[in-house]
> 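There's a structure below that I have some questions on.
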Number of protein chains: 2
Amino acid sequence: MPLPKPTPSELDILRVLWRHGPATVRAVHEQLGGGYTTYLKLLQIMAEKGLVTRTEADRAHIYRAVPSEHEVQTSLLGDLMQRAFGGSAAQLALRALESRRSSREEIAQLRAMLDRVEREMEAPAGGLDTTADQSKEKKA
Amino acid sequence: MPLPKPTPSELDILRVLWRHGPATVRAVHEQLGGGYTTYLKLLQIMAEKGLVTRTEADRAHIYRAVPSEHEVQTSLLGDLMQRAFGGSAAQLALRALESRRSSREEIAQLRAMLDRVEREMEAPAGGLDTTADQSKEKKA
DNA sequence: TAGTGTCAACGAAGATCTTCGTAGATCGTC
DNA sequence: GACGATCTACGAAGATCTTCGTTGACACTA
């Protein structure tokens with residue numbers, strides 16, 4: 001198994017690391033509030049799980065997120081898609097859009113995405129690889 | 001608080017109830033495999049939580065899903081949207097579509113949805129600016 | 001009526017998640 | 001060198017989730 005799915009608390013921490021970059025326990029703690037050792041413990045567990053790495057050069061260790069935000073989003077979404085949408089990404093997207101606000105720019109992005117998806121339907125890019133895992137990212 | 005978010009196991013059970021309609025513990029158990037009393041216990045807990053109701057007329061009680069599939073999907077999606085996508089439904093939808101297969105029909109549905117969303121953006125729905133919404137607001 | 005099977009109820013165990021207190025090491029300062 | 005602040009490590013408690021064994025009630029039947 002590549003990386004475990006982060007728990008809600010772990011996701012909170014990852015979000016801090018994605019936004020602020022590598023950080024100490026104290027920095028995370030100050031961003032999120034609550035007990036200092038709570039985040040120490042969580043970060044230790046996350047390091048065991050492989051969700052973060054740490055540098056022990058200084059006395060206050062520096063933690064870095066391992067998976068990118070993109071990867072985690074894809075993973076969590078794949079999970080929910082399987083569990084609640086019968087594996088249909090489109091049904092999920094439909095549900096996401098149906099009662100919530102989006103900007104014009106986002107709508108334009110989505111149209112472009114639909115165009116792309118439709119184009120790729122005609123060009124057989126790969127087999128029926130419907131794995132729920134995060135797949136390889138096309139490096140830009 | 002309306003209804004709690006179903007746990008993964010509870011969601012499995014709800015999916016059976018949505019697909020098959022009201023069912024006994026045995027029916028759920030036969031659909032999902034595993035120990036009989038596991039589902040008995042889960043359904044009892046779900047009844048306490050309000051996720052299902054039950055009819056005790058017969059010796060084998062009949063359980064019914066309380067929230068619709070639609071409602072649960074919306075709820076779980078809203079949760080994930082907040083936790084992992086900074087509240088952006090469009091970003092979530094984009095991520096859902098970017099590496100997964102959808103049918104032409106689903107893509108057409110999505111385009112229609114985008115059209116609708118965009119139309120609703122332009123039509124202020126009523127003369128009054130009843131923006132009882134969450135968007136831009138000067139702090140009080 | 002004794003035996004077999006099905007049912008709900010209950011309790012408990014194990015896993016995971018979250019939180020925090022305490023202990024011990026280290027650093028800076030007086 | 002003593003003191004206080006800061007840090008890691010460790011353990012444990014409480015909550016939730018999942019699973020299952022046992023018990024007692026009930027029903028069918030030979």
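Below, all heavy atoms of this structure are taken into account, side chains as well, without hydrogens, waters or symmetry copies. Residue numbering restarts at 1 for every chain, and letters A, B, ... go by the order of the sequence lines.
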> Walking along DNA chain D from 5' to 3', note the first and the last nucleotide with an atom under 4.0 Å from a heavy atom of chain A, and give both.
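Boundary nucleotides touching chain A, in 5' to 3' order, are dT6(D) to dA12(D).
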
> Please check if Ile45(B) and Tyr39(B) belong to a single hydrophobic cluster, counting links between Ile, Leu, Val, Met, Phe, Trp and Tyr side chain heavy atoms closer than 4.5 Å.
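Unlinked, Ile45(B) and Tyr39(B) end up in two clusters.
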
> Going by atom type alone, with no hydrogens or angles, which donor-acceptor pairs under 3.5 Å involve a side-chain atom of residues 19-27 of chain B and a protein atom two or more places apart or on another chain?
from: His20(B); atom 1: ND1; to: Val16(B); atom 2: O; distance (Å): 3.4
from: Thr24(B); atom 1: OG1; to: Arg26(B); atom 2: N; distance (Å): 3.4
from: Thr24(B); atom 1: OG1; to: Ala27(B); atom 2: N; distance (Å): 3.1

> Can you establish whether the number of heavy atoms outside Glu56(B) located under 6.0 Å from its atom CD is more than 12?
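Enclosed.
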
> One pair to check against salt bridge (Lys or Arg N to Asp or Glu O under 4.0 Å): Glu69(B) and Arg95(A). What are the steps and the verdict?
CA-CA 11 Å; Glu69(B) 180 167 25; Arg95(A) 197 62 85 220; over 6 Å; no

> Measure from NE2 on His61(B) to P on dA8(C) and round the result to the nearest Å.
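Taking NE2 of His61(B) and P of dA8(C), I get 5 Å after rounding.
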
> Is any side-chain N of the basic residue among Arg15(A) and Glu10(A) closer than 4.0 Å to the acidic one's carboxylate O?
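Looking at Glu10(A) together with Arg15(A), the answer is no, because their closest N to O distance does not fall below 4.0 Å.
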
> With a non-hydrogen cut-off below 4.0 angstrom, is Thr38(B) in contact with a base, only sugar-phosphate, or nothing?
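Thr38(B): base contact, heavy atoms under 4.0 Å.
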
> Under 4.0 Å between any heavy atoms, over every strand shown, what does Tyr36(A) touch: base, sugar-phosphate, or nothing? Just pick one.
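Base contact - Tyr36(A) has a heavy atom under 4.0 Å of at least one base atom.
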
> Applying the 4.5 Å side-chain criterion to the ILVMFWY set and letting contacts propagate, would Leu11(A) and Leu77(A) be lumped into a single cluster?
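Shared cluster, yes.
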
> Identify all pairs in which a protein N or O lies below 3.5 Å from an N or O of nucleotides 21-26 of chain C, and state each distance.
from: dG21(C); atom 1: N7; to: Thr37(A); atom 2: OG1; distance (Å): 3.4
from: dT26(C); atom 1: O2; to: Arg59(A); atom 2: NH1; distance (Å): 3.4
from: dT26(C); atom 1: O2; to: Arg59(A); atom 2: NH2; distance (Å): 3.3

> Could you check whether Gln44(B) and His61(B), counting side-chain N and O atoms only, form a donor-acceptor pair closer than 3.5 Å?
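Side-chain D/A pair, His61(B) to Gln44(B): absent.
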
> Would you say Ile62(A) ends up clustered with Leu32(A) if hydrophobic residues are merged whenever their side chains have heavy atoms under 4.5 Å apart, either directly or through other cluster members?
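The answer is no; the residues belong to distinct hydrophobic clusters.
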
> What does Gln44(A) touch in the nucleic acid at a heavy-atom separation under 4.0 angstrom: a base, only the sugar-phosphate, or nothing?
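Base contact - Gln44(A) has a heavy atom under 4.0 Å of at least one base atom.
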
> Which residue lies toward the 5' end of DNA chain C, Lys41(B) or Arg26(B), if each is placed at its nearest nucleotide?
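Upstream on the strand: Arg26(B).
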
